[in-house]
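Have a look at the structure below before the remarks.
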Amino acid sequence: MSLTFHWFLPTNGDSRHVVAGGHGAPVTPAGGDRPPTVRYLAQIARAAEDAGFTGVLTPTGAWCEDAWLTTAMVSQHTERLKFLVAFRPGFVSPTLAAQMASTYQRQTGGRLLLNVVTGGESHEQRAYGDFLDKDARYARTGEFLEIVRRLWDGRTTDLHGEHLRVEQARLTRLPDPVPEIYFGGSSPAAGAVAARHADVYLTWGEPPAQVAEKIAWIRRLAAEQGRTVRFGIRLHVITRDTSDAAWAEAARLLDGFDGATVRGVQEGLARSESEGQRRMLALHGGGRDGLEIHPNLWAGIGLVRGGAGTALVGGHAEVVERITEYHRLGIDEFVLSGYPHLEEAYWFGEGVLPRLAAAGLWAHPAAPPPTDRRGTEIPFTAGAGAGAGAGAAASG
C-alpha cells in the first residue's frame with residue numbers, strides 16, 4: 001500500500017512561530033501574523049495539492065474558524081485535494097450531518113473525509129449547549145455514527161438510543177463516494193467507538209513503542225467486531241537539507257516560548273479531561289530539557305499547544321527513516337503540519353516525498369499508475385524501503 005500524506009489548514013491563524021490553541025490552550029498572538037483568510041488558506045491548500053498531499057485536516061472548536069464552511073470555500077480553489085473536516089457530532093443532528101456530507105461530495109467531486117471529534121473539554125462543550133459528560137459523549141457518538149452509516153447505505157432508519165432518536169430518517173440523495181471516517185481517542189470509551197465505526201484510527205505522535213500498543217489495542221477491538229481498521233498518525237514536522245538546520249529551526253521555535261506563556265498553557269492543559277492530552281503532557285513534563293523523546297521526535301510543540309504536540313525533526317533522510325519506522329508498526333496515513341504551513345508544505349513536499357517515492361513507499365496522487373509494455377496497470381507494492389517489518393505489520 002502506498003503511504004498517504006495529509007497536510008493541515010491552520011484555521012486559527014498561521015505564523016513563523018507556534019500558534020497555540022485547543023484543549024484549553026488559548027490562541028497565541030502569533031495567530032494574527034497570518035489571519036486564516038480564504039485567500040491565504042487557499043495558498044496552503046494549493047501548495048499541498050501540488051506537493052502530493054492527498055488531503056488537508058481542519059480543526060474544530062471555539063478557537064478556530066468553522067471547518068465545514070471554510071473548507072467548502074477553499075475547495076473551490078483546488079482541484080484534487082480532499083478535506084479532512086473535523087466536526088463534533090453533538091452539535092448537529094445525525095440526519096442533517098449525513099445530508100451535509102452528501103451535498104459536500106456532490107459539490108466537490110467526492111473530496112470529503114470526516115474527522116469525528118467526540119468533544120473537547122466539558123467547559124467548551126457547555127458553551128455550545130452540550131452538558132453530557134465524557135463517557136456519555138462517546139456513547140452519543142456511537143449512536144450518531146450508527147444512524148449516519150445507515151443513512152449513507154440508503155436505509156430508512158429508526159433508532160431510539162439513550163441520547164439520540166430518529167424516526168423514518170432517510171436521504172433522497174446518497175453520497176458518492178461515502179466519506180471515510182477518521183477517529184481518535186485514547187480512553188476505553190474511545191476505543192469501543194473506533195473499533196465499531198472508524199475507517200482510520202488516528203493517534204497523536206507518541207514514540208513508536210506507545211503507538212504500537214495503541215495499534216494492537218484497536219486491532220484487537222476491531223477484530224472482535226469483525227472489522228479491520230487502518231491507522232494514521234498526527235505529527236508536526238521540521239525537515240531541512242541537513243539535520244543541523246532542522247534542529248536550529250526547532251531551537252528558534254523554542255526560543256519563542258516565554259516562560260509565562262508555557263506555564264499558563266501547561267496549567268490549562270493539566271485540567272484537560274482528554275486521555276490523549278494527558279499522554280502528550282507526560283512526554284515533556286512541562287520542561288525544556290530532554291525534549292527529543294525518541295530519535296528525531298521532538299516534544300517541544302506541546303509546551304504551548306494543545307492536542308498534537310510532537311514533531312519529526314531532522315534532515316530529509318532522517319525524517320524518511322522515522323516515517324518508515326512508524327509504517328513498519330502499521331501506520332499508513334500521516335497527518336502533518338509545520339510553522340508556517342505554507343513554507344513547511346514545500347520543505348516536506350520537495351525534500352521528503354521524492355525520497356519516499358524512490359523507496360517505493362509513496363506515489364503522487366495525481367500521477368498515472370505505472371503500466372507494463374502492453375499498457376496493463378501494475379499494482380502498487382512497497383519497495384525494499386518498507387522492510388520486512390512492514391509486511392509483518394500489515395498481515396498481523
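In this text, all values refer to a predicted model and were calculated from it rather than measured experimentally.
In terms of heavy atoms, P59 sits closest to A86 at C-CB, 3.9 Å. Of all heavy-atom pairs spanning L329 and P208, the tightest one is CD1-O, 3.3 Å. The minimum heavy-atom distance between L164 and P94, with the atom names listed, is CD1-CG, 4.3 Å. Among all heavy-atom pairs drawn from P340 and R34, the shortest one is CB-NH1, 3.4 Å. The two residues G302 and Q266 come nearest to each other via the heavy atoms O-NE2, 3.0 Å. For the pair L283 and P207, the tightest heavy-atom approach, listed with the atom from each and the gap, is CD2-CD, 3.8 Å.
Between L81 atom CG and L9 atom CG the span is 7.5 Å, to the nearest 0.5 Å. Considering CG of L353 and CD1 of I323, their distance stands at 7.5 Å, rounded to 0.5 Å. Between the CD1 atom in I301 and the OG1 atom in T310 there is a gap of 9.0 Å [rounded to 0.5 Å]. In this structure, CZ in R137 is found 4.0 Å from OG in S122, a value given to the nearest 0.5 Å. The CZ atom of F183 sits 13.0 Å away from the CZ atom of R196 when rounded to the nearest 0.5 Å. For the atom pair L57 CG and S337 OG, the distance stands at 8.5 Å (nearest 0.5 Å).
Between Q125 and F91, some side-chain heavy-atom pair lies under the 4.5 Å cut-off. Inter-residue side-chain proximity for L145 and P89 is flagged as unmet; no heavy-atom pair is nearer than 4.5 Å. Looking at T118 and V193, their side chains never come closer than 4.5 Å, going by heavy atoms from C-beta outward. Looking only at side-chain heavy atoms (C-beta outward), D14 and Y339 come within less than 4.5 Å of each other. Counting only heavy atoms from C-beta outward, the side chains of L3 and D332 approach each other to under 4.5 Å.
Among F8, W7, W362, F5, the one residue that satisfies the ring-ring contact (aromatic ring centres under 6.0 Å, His included) test with F334 is F5. Partner of W347 under the side-chain contact (heavy atoms from CB on, under 4.5 Å) criterion, out of D241, V352, V237: D241 alone. P10 pairs in a side-chain contact (heavy atoms from CB on, under 4.5 Å) with only one of the listed residues (I44, L342, V56), which is I44. Remark: of the listed residues V262, L253, V19, V262 is the sole one forming a side-chain contact (heavy atoms from CB on, under 4.5 Å) with V304.
F231 and Y201 have perpendicular rings, their planes meeting at more than 60° on a 0 to 90° scale where under 30° would count as parallel. Taking the six-membered ring for Trp and thresholds of 30 and 60 degrees, W68 and F87 have ring planes more than 60 degrees apart, a perpendicular arrangement.
Side chains of T71 and Y104: a donor-acceptor N/O pair is present below 3.5 angstrom, by distance only. Looking only at atom types and distance, the side chain of D158 has a donor-acceptor partner in the side chain of Q168 under 3.5 Å away. Between the side chains of R234 and Y182, no donor-acceptor pair of N or O atoms lies under 3.5 Å. Between the side chains of T11 and T58, no donor-acceptor pair is found at a separation under 3.5 Å. No hydrogens or angles considered: a donor-acceptor pair under 3.5 Å links the side chains of R106 and S102. For the residue pair E318/S243, the side-chain donor-acceptor check at 3.5 Å is satisfied.
In the hydrophobic clustering of ILVMFWY residues, with side-chain heavy atoms under 4.5 Å counting as a link, V335 and Y346 come out apart. Linking Ile, Leu, Val, Met, Phe, Trp and Tyr whenever their side-chain heavy atoms come within less than 4.5 Å leaves L113 and M100 in two separate clusters.
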Worksheet entry | salt bridge (Lys or Arg N to Asp or Glu O under 4.0 Å) evaluation trace for R46 with E79 | CA-CA 9 Å; R46 287 193 296 269; E79 298 176 358; over 6 Å; no

Practice prompt. Could you please spell out the steps behind the side chain to side chain contact (heavy atoms under 4.5 Å, CB included) verdict for Q99 and T95?
Written response: CA-CA 6 Å; Q99 182 183 15; T95 306; 5.8 Å; no

Item to complete: Would you please test E325 and R322 for salt bridge (Lys or Arg N to Asp or Glu O under 4.0 Å) and show each step?
Response: CA-CA 5 Å; E325 183 176 11; R322 295 289 77 75; 2.8 Å; yes

Item to complete: Test side-chain hydrogen bond (donor to acceptor under 3.5 Å, both in side chains) on T4 and R230 and set out the steps.
Response: CA-CA 11 Å; T4 298; R230 303 199 314 279; over 6 Å; no

Practice prompt. Let me see the working for D199 and R227 under side chain to side chain contact (heavy atoms under 4.5 Å, CB included), right down to the final yes or no.
Written response: CA-CA 9 Å; D199 295 301; R227 302 184 68 243; 4.2 Å; yes

Item to complete: Could you give me the CA-CA distance, side-chain angles and deciding distance for L269 and M280, then say whether side chain to side chain contact (heavy atoms under 4.5 Å, CB included) is met?
Response: CA-CA 10 Å; L269 295 178; M280 282 283 104; over 6 Å; no

Practice prompt. Give the intermediate values and the outcome of side chain to side chain contact (heavy atoms under 4.5 Å, CB included) for residues R111 and R80.
Written response: CA-CA 7 Å; R111 293 194 282 149; R80 169 192 56 78; 5.5 Å; no

Item to complete: Verify salt bridge (Lys or Arg N to Asp or Glu O under 4.0 Å) between E224 and R220, making sure each step is shown before the conclusion.
Response: CA-CA 6 Å; E224 292 171 358; R220 175 178 56 79; 3.5 Å; yes

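A distance-only check finds a donor-acceptor pair linking the side chain of T78 to the backbone of S75 [under 3.5 Å]. At least one donor-acceptor pair under 3.5 Å links the side chain of D258 to the backbone N or O of A260. Distance alone, capped at 3.5 Å, is enough to place a donor-acceptor pair between the Q105 side chain and the P177 backbone. Judged by distance alone, the side chain of E333 and the main-chain N or O of H6 form no donor-acceptor pair under 3.5 Å. Looking at H236, its side chain never comes within 3.5 Å of a backbone N or O of A311 through a donor-acceptor pair. Between the side chain of K214 and the backbone N or O of T203, no donor-acceptor pair lies under 3.5 Å. A donor-acceptor distance shorter than 3.5 angstrom exists from the side chain of R288 to the backbone of L254, with no hydrogens or angles considered. Side-chain atoms of E292 do not come within 3.5 Å of backbone N or O of L297 as any donor-acceptor pair. R252 places a side-chain N or O within 3.5 Å of a backbone atom of R16 that can act as its donor or acceptor partner. A donor-acceptor pair under 3.5 Å is absent between the side-chain atoms of H284 and the main chain of G290, judged by distance alone.
Environment of CD in E162: sparse, with no more than 12 heavy atoms of neighbouring residues, nucleotides or ligands closer than 6.0 Å. Atom NZ of K82 has 12 or fewer heavy atoms from other residues, nucleotides or ligands within 6.0 Å.
Salt-bridge formation is detected for the pair E146/R150: a Lys NZ or Arg NE/NH1/NH2 atom is positioned less than 4.0 Å from an Asp or Glu carboxylate oxygen. Comment: R140 does not engage E143 in a salt bridge, judged by the lack of any side-chain N to carboxylate O separation of less than 4.0 angstrom.
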